[in-house]
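Here the structure comes first, spelled out in structure tokens, and everything after it is commentary.
The figures that follow rest on heavy atoms only: side chains count, while hydrogens, waters and symmetry mates do not. It should be emphasised that the depicted structure is a prediction, and the values quoted were computed from it without experimental measurement.
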Amino acid sequence: MLFLNPISVVDQIEGDQKSVRAAAVAKLLERFNRQFPQISYELVASPMLINAQALVLLGRRIVKLYGGFAFHSLIDIDALAFVLLHETGH
């Protein structure tokens, strides 16, 4: 199951694989920031929560993607894009 033991699955991403994943996540967030300039898309690497959220803070619209989702080895970039789209809809 995807969420059965998330920390050990996240820990499996190491070294080059982790830096490649970080670059892919950064590129995805940049694309969303360009496509939806009225919303700020942010990676919150720690804590390693498997979550994302949309919020309005001091009049600023923000979508946060947490590290447990961003670096989970069973969640691909397409799934992360879907998560970001879902949060954008809020």
Side-chain angles (χ1 to χ4, degrees):
M1 297 200 80
L2 181 62
F3 301 117
L4 182 62
N5 194 356
I7 297 303
S8 65
V9 174
V10 170
D11 289 342
Q12 291 175 10
I13 299 178
E14 297 175 344
D16 290 340
Q17 201 178 17
K18 193 166 190 174
S19 63
V20 167
R21 178 61 173 243
V25 169
K27 184 177 178 179
L28 180 65
L29 292 174
E30 287 172 18
R31 290 181 72 188
F32 270 80
N33 277 312
R34 279 194 314 271
Q35 189 65 36
F36 303 100
Q38 68 277 22
I39 302 172
S40 178
Y41 294 85
E42 302 174 357
L43 172 63
V44 181
S46 181
M48 293 295 278
L49 298 173
I50 299 177
N51 202 3
Q53 75 179 132
L55 61 135
V56 177
L57 186 61
L58 300 173
R60 189 171 152 232
R61 295 174 186 216
I62 305 168
V63 170
K64 293 186 178 194
L65 178 66
Y66 291 93
F69 236 151
F71 298 107
H72 199 295
S73 64
L74 298 178
I75 299 173
D76 66 10
I77 293 299
D78 289 339
L80 291 178
F82 182 82
V83 167
L84 293 173
L85 288 168
H86 170 86
E87 294 304 327
T88 298
H90 286 295

Note, Q53 side chain near I62 side chain (heavy atom, < 4.5 Å): no

Heavy-atom side-chain proximity of L28 to Y41 below 4.5 angstrom: no

Smallest separation among heavy atoms of V83 and A52, with atom names: CG1-CB, 3.6 Å

Residue pair A54 / H90: nearest heavy atoms and the distance that separates them: CB-CB, 3.9 Å

Heavy-atom pair of closest approach, residues R60 and S40: NH2-OG, 3.0 Å

Hphob cluster co-occupancy, L85 + I77, side-chain heavy atoms under 4.5 angstrom: yes

Worked verdict on V25 versus F69 for side chain to side chain contact (heavy atoms under 4.5 Å, CB included): CA-CA 10 Å; V25 169; F69 236 151; over 6 Å; no

Straight-line distance of I75 CD1 to R21 CZ, nearest 0.5 Å: 7.5 Å

Validation row: L84, L29 side chains within 4.5 angstrom (heavy atoms): yes

Between CG on residue L49 and NZ on residue K64, distance to nearest 0.5 Å: 11.0 Å

Gap between atom CD1 of I50 and atom CG of L65 - 0.5 Å precision: 11.5 Å

Nearest atoms (heavy-atom pairs only) where L80 meets A70: CD1-O, 3.9 Å

Heavy-atom closest pair, residues P37 and R34: CD-O, 3.6 Å

Flag side-chain contact, heavy atom, 4.5 Å: F32 against V63: no

